[in-house]
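Written out below as structure tokens is the structure these notes cover.
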Amino acid sequence: MAQFRESSQDRQQNQAREEDQELIGAQQPVDQGLVNDTDDILDEIDSVLEENAEDYVRGFVQKGGQ
Amino acid sequence: MEQRIFGIETEFGIRYSMTGMGQLGPEEAARKLFRPVVEWGRSSNVFLENGSRLYLDVGSHPEYATAECADLTDLVRQDKAGERLFEKLADQAEEALNRQGLEGKLYLFKNNADSAGNSFGSHENYLLSRKAEFSRLVRFLVPFLVSRQLVVGAGRVHPSGPPQINGAPESGQPSYSFSQRADYVWEAASSATTRSRPLINTRDEPHADAAQYRRLHVIVGDSNMSETTTLARAGMTDLILRMIEDRQGLDDLELANTGQALRTLSHDLTGRTTVELKDGRKMSGLDLQRLYLDAAVSYTDQQGAPRPETEYVLDLWGRTLDAIETQDTSAIDTEIDWAIKKKLLDRTAEKLDADYSHPRIAQVDLAYHDIKQNRGVFYLLQAKGLARRWVSEESVTRAETVPPETRAALRGRFIAAARAAGLDYTVDWVHFKINQQIALSHSCQDPFATEDAEVEKSIRAMQDATRRDQRAMPPLI
């Protein structure tokens with residue numbers, strides 16, 4: 001589990017802070033070319049979904065949590 | 001309080017879907033998921049070097065509790081880091097199961113309900129001043145929490161209409177609700193969590209100086225996939241808490257029936273159905289949220305908004321209420337979970353020439369919450385620019401190992417030093433201990449503290465020992 005190993009924390013923390021300030025200010029433009037491509041995203045979703053939709057939903061049963 | 005500690009605890013749903021015959025239940029799947037964690041920390045309840053806690057909760061739900069964050073953007077990032085850690089654990093577990101000949105796929109869902117009417121939560125923690133009178137705070141906060149779902153709900157499909165009061169499926173027209181969780185929450189505040197769920201759990205565990213602070217534990221919220229919706233959820237709630245703590249600008253909107261109002265508002269996408277207040281007035285979800293937003297806007301105009309995120313939170317809040325009022329979600333459908341999902345469901349229904357009772361619709365609803373980035377529907381939308389990001393992926397990756405700038409930073413460094421030195425340690429939110437070594441054991445009551453001379457001394461001592469004695473160290477996993 002590589003992510004459980006130590007890291008050089010302080011340097012990274014500073015980097016993260018700088019980036020956040022930039023992100024908060026900037027509205028990220030959405031690529032209109034992609035947005036309009038409706039069929040494209042529906043096809044992509046179709047390709048990753050399990051074939052049996054009812055089984056996918058009904059098979060998801062948990063014990064209650066909090 | 002202007003300064004506040006935030007945390008989110010997420011219970012994930014788990015399913016192993018076998019390719020062939022046979023079954024592997026959620027308990028076994030969760031045990032498999034946690035095997036590397038147990039190897040790492042000799043327990044299925046561990047604190048990590050990023051200050052967070054990872055554990056198996058009631059009902060075998062894998063759970064991630066973010067470290068204490070003093071900053072809203074840190075909270076968003078730490079919440080996403082938890083998803084990424086579980087995504088990797090799920091990949092490992094799936095590989096191991098397939099190697100064993102149990103072919104299938106492991107799914108982790110960040111949602112709040114399964115197909116059998118079981119619910120699991122997304123619990124928010126807010127640190128409050130002990131000076132706030134708790135019963136008054138609850139009375140003023142509950143109507144906000146009841147109506148907040150119009151803005152920050154994760155959305156849920158009901159193929160045969162809203163569920164009955166006991167959670168049994170209804171046989172009505174297919175519908176969509178703002179909230180996943182609203183159908184499972186019953187009363188305003190109590191100490192119960194599983195049998196009769198309240199909006200606010202009154203268990204007072206501040207994990208801090210109890211003379212100064214208390215904890216507010218909100219358990220009515222939906223788990224959010226959208227970073228901007230997560231930000232709005234905590235950001236809006238923080239503002240309302242500040243106003244209640246300052247006793248400013250809020251009308252008493254106590255509801256006649258909390259549980260009923262929660263469900264009525266969740267299942268009313270027009271935002272216009274009214275619920276009754278204790279004083280006899282009738283208000284809709286939009287009425288209630290407009291009052292809170294207007295009050296928050298004038299409060300921040302007068303008192304200032306020390307958080308850099310506030311302007312965006314207020315703007316998104318307003319745009320979402322406008323979208324409901326005009327029934328046009330185009331200004332929020334990349335930023336608010338229920339609207340992002342609904343847009344996709346509407347397109348899917350159109351393509352299928354079907355309504356929300358079609359099995360594919362319920363499937364897309366659930367798949368939206370799959371945390372695997374190359375398969376989960378939310379992440380496919382995000383990759384196409386159809387779900388807006390608030391933090392960079394690089395900063396989420398760092399947050400998997402780097403704690404936020406709070407007491408979590410001390411905890412993280414303590415854990416890292418103890419592990420490097422090969423020492424047995426016991427850590428919780430407040431205590432950092434090396435077993436059987438009182439000199440290296442500490443209690444840190446200030447959750448805002450990023451420095452503590454005594455803890456630093458112990459960390460240095462462990463680091464020195466590590467450098468002097470490299471060869472005597474046990475191998476690190």
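From a predicted model like this one, the values you see are computed outputs, not experimental measurements. Each chain gets a letter, A, B and so on, in the order its sequence line appears, and its residues count up from 1. Atom set for the values below is all heavy atoms of this structure, side chains included, hydrogens, waters and symmetry mates excluded.
When all heavy atoms of B:P26 and A:V61 are compared, the closest pair comes out as CG-O, 3.7 Å. Heavy-atom minimum distance, A:Q62 versus B:F120: CG-CE2, 3.8 Å.
In this structure, chain A has heavy atoms under 4.5 Å from both the backbone and the side chain of B:L381. Contact of B:N374 with chain A is made through the backbone alone, with heavy-atom distances under 4.5 Å. For B:L231, no part lies near chain A; criterion is any non-hydrogen pair under 4.5 Å. In this structure, chain A has no heavy atom under 4.5 Å from any part of B:D333. For B:F109, the part lying near chain A is the side chain, with the backbone staying farther off; criterion is any non-hydrogen pair under 4.5 Å.
A salt bridge is defined here as a Lys NZ or Arg NE, NH1 or NH2 lying under 4.0 Å from an Asp or Glu carboxylate O, and B:R15 with A:D55 meets this definition.
Between A:D40 atom CG and B:K384 atom NZ the span is 4.0 Å, to the nearest 0.5 Å. Atoms CD and CZ, on A:E54 and B:R360 in that order, are 11.5 Å from each other to the nearest 0.5 Å.
Every salt bridge (charged side-chain N to carboxylate O under 4.0 Å, His left out) that B:E393 has, sequence neighbours left out, goes to B:R84, B:R389.
Checked by atom type and distance alone, the side chain of B:Q363 pairs as donor or acceptor with a backbone atom of A:E50 at under 3.5 Å.
Considering only heavy atoms from C-beta on, B:K351 comes within 4.5 Å of A:D46 through its side chain. For the pair A:I45/B:T348, no side-chain contact is recorded, criterion being any heavy-atom separation below 4.5 Å from C-beta on.
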Review point. Hey, mind stepping through A:F60 and B:Y107 against ring-ring contact (aromatic ring centres under 6.0 Å, His included) and telling me if it holds?
Key: CA-CA 9 Å; A:F60 178 48; B:Y107 291 92; 9.1 Å; no
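If you tally non-hydrogen atom pairs under 4.5 Å between each of B:G25, B:G13, B:A113, B:A399 and chain A, the highest count goes to B:G13.
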